[in-house]
Amino acid sequence: MERTLAILKPDCVKANLIGKVIDRILDANFKIIAMKMITLTPQTAGAFYAVHQQRPFYYDLVDFMSSGSCVPLVLEKEHAVANFRNLIGATDPAEAAKGTIRKEFASNKQRNIVHGSDSVENAAIEISFFFSAQELVSLSR
Ligand code: UDP
Ligand code: MG
């Protein structure tokens, strides 16, 4: 079983879409291993997206991600990373495939509702950014 990190971004929370998006995730047979609601500071949002530091959209992205609460989740499924990227669709909702979460709910390339890790290696790093080992539940409970 593989794990990935999802974040329901501030646009998702503000539009009262947490339930609808989580429904889509559960309908796609992901198991929720951990979940919390937090508000990122510009510093923590900047650290999470540090890989994009040199990109022109970086400061706007940091502003957006620290503009309200967000909901990070750890999801488990076979091939969770690739599978979840398929479920959310392309970064820009205009380019996202029909039926994907971003196609259905996102406003634009920045305010695109949800984050998903892009590799198994980054998923492990991103999961530990938000969650301690103690916060990851055992599914056998
Ligand atoms: N982003 C943006 N403008 C761009 C590209 C990305 O505002 O031109 C934002 C968007 O919120 C995206 C995030 O930066 O989800 C991270 O970008 P990435 O290329 O990693 O896209 P993702 O992996 O989220 O599809
Ligand atoms: Mg990415």
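Order of listing sets the numbers, starting from 1, for every ligand and every atom in it. Bear in mind that the values here come from a model prediction, so they are computed numbers and not experimental data.
Protein neighbours of ligand 1 below 4.0 Å, counting non-hydrogen atoms: Lys9, Tyr49, His52, Phe57, Leu61, Arg85, Thr91, Arg102, Lys109, Gln110, Asn112.
The CD1 atom of Ile125 sits 7.0 Å away from the OG atom of Ser119 when rounded to the nearest 0.5 Å.
Under the 3.5 Å distance criterion, the side-chain polar atoms of Thr4 are left unmatched by any main-chain donor or acceptor of Ala123. At least one donor-acceptor pair closer than 3.5 Å links the side chain of Arg102 to the backbone N or O of Gly89.
Annotation: side-chain contact (heavy atoms from CB on, under 4.5 Å) contacts of Lys14 (sequence neighbours excluded): Ser67.
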Next item on the list: Show the numbers, then the answer: is there a salt bridge (charged side-chain N to carboxylate O under 4.0 Å, His left out) between Arg3 and Glu76?
Entry: CA-CA 4 Å; Arg3 289 179 177 181; Glu76 190 172 272; 2.8 Å; yes
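Cation-pi geometry between Lys36 and Phe131 is met: under 6.0 angstrom from the ring centre, within 45 degrees of the axis.
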